[in-house]
Amino acid sequence: MMSDSNAQATPSIQICRIMRPDDANIVGNVHGGTILKMIEEAGCIIGTRHCNTQRGMCFSGSDVDDDRCVAALARVERTDFLYPMFIGEVAHVSAEITYTSKHSVEVQVNVLSENIVTGAKKWTNKATLWYVPLSLQNVAKIIEVPPIEYSSPEQEEAGKKRYEAQKLERLETKERNGEVITHVSLPEPYTVGFSQSSLIHLVCPSDCTLHGFVHGGVTMKLMDEVAGIVAARHCKTNIVTASVDAINFHRKIKKGCVITVSGRMTFTSNKSMEIEVFVDADPLVEAEKGKYRAVTAFFTYISLDMDNKPLPVPPLKLEGEEEQKRFEEGKARYLQNKAKRLADKAQQQ
Amino acid sequence: MMSDSNAQATPSIQICRIMRPDDANIVGNVHGGTILKMIEEAGCIIGTRHCNTQRGMCFSGSDVDDDRCVAALARVERTDFLYPMFIGEVAHVSAEITYTSKHSVEVQVNVLSENIVTGAKKWTNKATLWYVPLSLQNVAKIIEVPPIEYSSPEQEEAGKKRYEAQKLERLETKERNGEVITHVSLPEPYTVGFSQSSLIHLVCPSDCTLHGFVHGGVTMKLMDEVAGIVAARHCKTNIVTASVDAINFHRKIKKGCVITVSGRMTFTSNKSMEIEVFVDADPLVEAEKGKYRAVTAFFTYISLDMDNKPLPVPPLKLEGEEEQKRFEEGKARYLQNKAKRLADKAQQQ
Amino acid sequence: MMSDSNAQATPSIQICRIMRPDDANIVGNVHGGTILKMIEEAGCIIGTRHCNTQRGMCFSGSDVDDDRCVAALARVERTDFLYPMFIGEVAHVSAEITYTSKHSVEVQVNVLSENIVTGAKKWTNKATLWYVPLSLQNVAKIIEVPPIEYSSPEQEEAGKKRYEAQKLERLETKERNGEVITHVSLPEPYTVGFSQSSLIHLVCPSDCTLHGFVHGGVTMKLMDEVAGIVAARHCKTNIVTASVDAINFHRKIKKGCVITVSGRMTFTSNKSMEIEVFVDADPLVEAEKGKYRAVTAFFTYISLDMDNKPLPVPPLKLEGEEEQKRFEEGKARYLQNKAKRLADKAQQQ
């Protein structure tokens, strides 16, 4: 059924890329996550390509089989990292389809690091990924996978065993996870606890000045990101930054630090929300120095409808004296800014 | 002292860039953080350029004043976002030095959005930033700022007032922040609580497939990032990913979700650490759906010395029965993998 | 016809940005591809802005001419890289419309590197780009370009000559065919097979224009990346882009495609290497459409020592008639460019 030319065209792919400073930690070791992302990109390309071959060719004139799909990752088998990779090396990721069931594709991936200056090469990873083709028209629909050709019946048999084994394991973990999910209890909507959020960010070279200190703009971008998530969690609509209070940068943040950015809602008016954002820096490897607060600021957000007109904001539910006190302080800032805006306007007229 | 040509050369700069999908939220509004980052880049360029003019020129033949510097952001005044900007528009950021004290530079920045298709233009932001020039040789040293020329004595006077006002405010917040810092109490080193970490990530278009679902590789990269931070916090050394256990992707994560990725250490052997990582997805604006657990996995990390040889790992301090139970489970996985590796080796020989 | 205010508003734009670690190789030289991408962004902004001026204004009350457009890159003339740029420097890219035909726009771009610490400035590039305005409603439709005003009839005449010359060349250059097949066994050093490389990139939203087509600058950046890997593999030293031959963009590349970029060395002189680069686009989910060649180009690289002085390049070992023929063609291009440079120099004196 499958023509020779197809059989040759589909089964393998090679991706390569130079490892850049932002792909690695400060001593130059490439993050495992960078490699995992490349592995998955190769798998997604080859899986998607394979599952779309034969689409629309089989039954000309009929529209039955004309459904396009994208391969979605269902499972990654245990993966070992044999050697660290370094900045400036080229990572070669080669992927091959090694088994197909009716509704899934097994992709095996090998990663080779090449030092293009010395010529040294090392196999650093092997990975096995399982993909499922989802229809582009209806994402809940899984499409049939065209079969591949095997070089021998033994090869097919071994693939089938791997398929059965992973299927079993997936079912088991699904049940196990089921339990865990029910444990996730959340605070009541519209409380401070409900929307509060925080992120950590490992400072990378592109975040830094020539001194090796984080650009203030990079810190502000992360602060706005957290504040935006707090605001969106609170009102579940399209939100935009309306203003940022004065921010002081008292302490510098150095390359190699981990930044923790935390936000909590402090005040709501009819049409605005105030979010307090904290930035803490943790100089990971210099243990004695410890974590310190680098920056704090207040962001004000508004909620917009489809025509970019402001929407009412659900009032913040306060719990305890601390939250009440912060709300009052936020209200004072709000009224002060409002008065200032009116004064500015009057002056202009 | 300052020639006219210098006076003209230093005071202003223009930056512009097309707004891309990754700069905006799902309805196309550009993030405030994207704008703040561009504003600060413009300020840093003009501040650094200005503070290095006259370096090495003043007293030719002498090496006294040959210290180069980079302008570090000290403060941003309150900033309003007047209109939202959209994908495809060009953001024009123009910055100008408006005041210099002995050790600081005031930069005023205006942001204009231009729709290059309709020709519509809007002023969207005004910002005022204060920079301090830090020596490249000794980052603790603040360098003297060359004076700018003012168009009138009134202009200089007004700048001086702004300078005094912000100086006062900075001192006040420094004291206030001082209090806050002492409140940061941390769990005991080597406990699970000490190293556990989590991050949130707002899914952006480049993270997604054609369906609008997050690529598995993007999720794995974030998981590795969190696991790496947990490992680094625990052992304060250079750490690298050694292996990842099988990962199942039971539930898809959609564009516009916020992903929370959390990691906690579960087990340590002599030379390795096991970190459990959870991925929760929160479909922000679709409130009824609620947060759900999308993925979980175990990452194993090792710690490396300067020659990339494994270092001993400090043992994990366990608190409570839960942690003890997870440690035993981790130990079982560790022993099982070790046995499997040995069996594989034996088979190969 | 065209009002003065329009004439002043349209013809020029300036883009600038600090060069970051990820923009450069490990010794800090900024990739040629980073510069090419900035050049194209400036060209796209000014081209799109110009082609949309007068839209909807010409015939008030009529809706005939209300078709908006985006400028798509059609061709880049030969571009020389005069000096390498470094991390921490600011790249200033200024673009100006210098000629318009009925359906195309010529943009001339100058790139200046500024060391904001020492104050040193250098002109590093000049480039000429041709854009064609494609309708946003119907991407197959090319829109009429509003004319610019020329300062003199001679200026217009010279522009027309450049226009005719490039038009002729575009027609002549047919798609070059060639395929880079990665060898399983490792070829001998200094052969074509030894250094040839390819990379694969899954097009993401941020790579694309409002039409959903890949920005020419994104493609050129990938091409430079592959050419750089080929050059580094060949000579195992620090290499930088010296020039790019004229590039024609015959076919557009759409969102969701996989781009394969392949490079092979075609010619070496004493101090330079010529690398041929192919870009193939594969519309993954539309398998029947098949892979097609979107762009081809020749990049010239030089090898630099620690002081940024050119190093001798190991001669390319040729195998077979094909390689011999390509080498001769490369030599002809090299001699022609050399002759042109000498002629330009003589003319300037």
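All chains are named by letter (A, B, ...) in the order of the sequence lines, taking the proteins before the strands, and each is independently numbered beginning at 1. For clarity, every value in this text was computed on a predicted model and none was experimentally measured. The analysis underlying the following values was restricted to heavy atoms, covering all of them including side chains, and did not include hydrogens, waters or symmetry mates.
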Max heavy-atom pairs within cutoff under 4.5 Å with chain C, candidates Ile45(A), Thr48(A), Asn115(A), goes to Ile45(A)
Checklist entry - In terms of heavy-atom contacts, does CG of Asn270(C) have more than 12 from other residues, nucleotides or ligands at under 6.0 Å? => result no
Max heavy-atom pairs within cutoff under 4.5 Å with chain A, candidates Asp22(C), Ile200(C), Ile18(C), goes to Asp22(C)
Counting heavy-atom pairs under 4.5 Å with chain C, the top scorer among Glu114(A), His92(A), Arg17(A) is Glu114(A)
Of the listed Asn25(C), Asp23(C), Leu202(C), Thr260(C), the one with the largest count of heavy-atom pairs under 4.5 Å with chain A is Leu202(C)
Answer key: most heavy-atom pairs under 4.5 Å with chain A among His201(C), Arg20(C), Arg233(C), Glu225(C) is Arg233(C)
With sequence neighbours left out, the residues meeting side-chain contact (heavy atoms from CB on, under 4.5 Å) with Leu134(A) are Ala72(A), Val132(A), Val139(A), Ile142(A), His211(B), Lys252(B)
Within residues 234-241 of chain C, the residues sitting under 4.5 Å from chain A by heavy atom, in sequence order, are Lys236(C)
inquiry  = Tell me whether the count of non-hydrogen atoms from other residues, nucleotides or ligands lying under 6.0 Å of OH in Tyr150(A) goes above 12.
reply    = yes
Given Ser206(A), Cys204(A), Cys208(A), the one with more heavy-atom pairs under 4.5 angstrom with chain C than any other is Ser206(A)
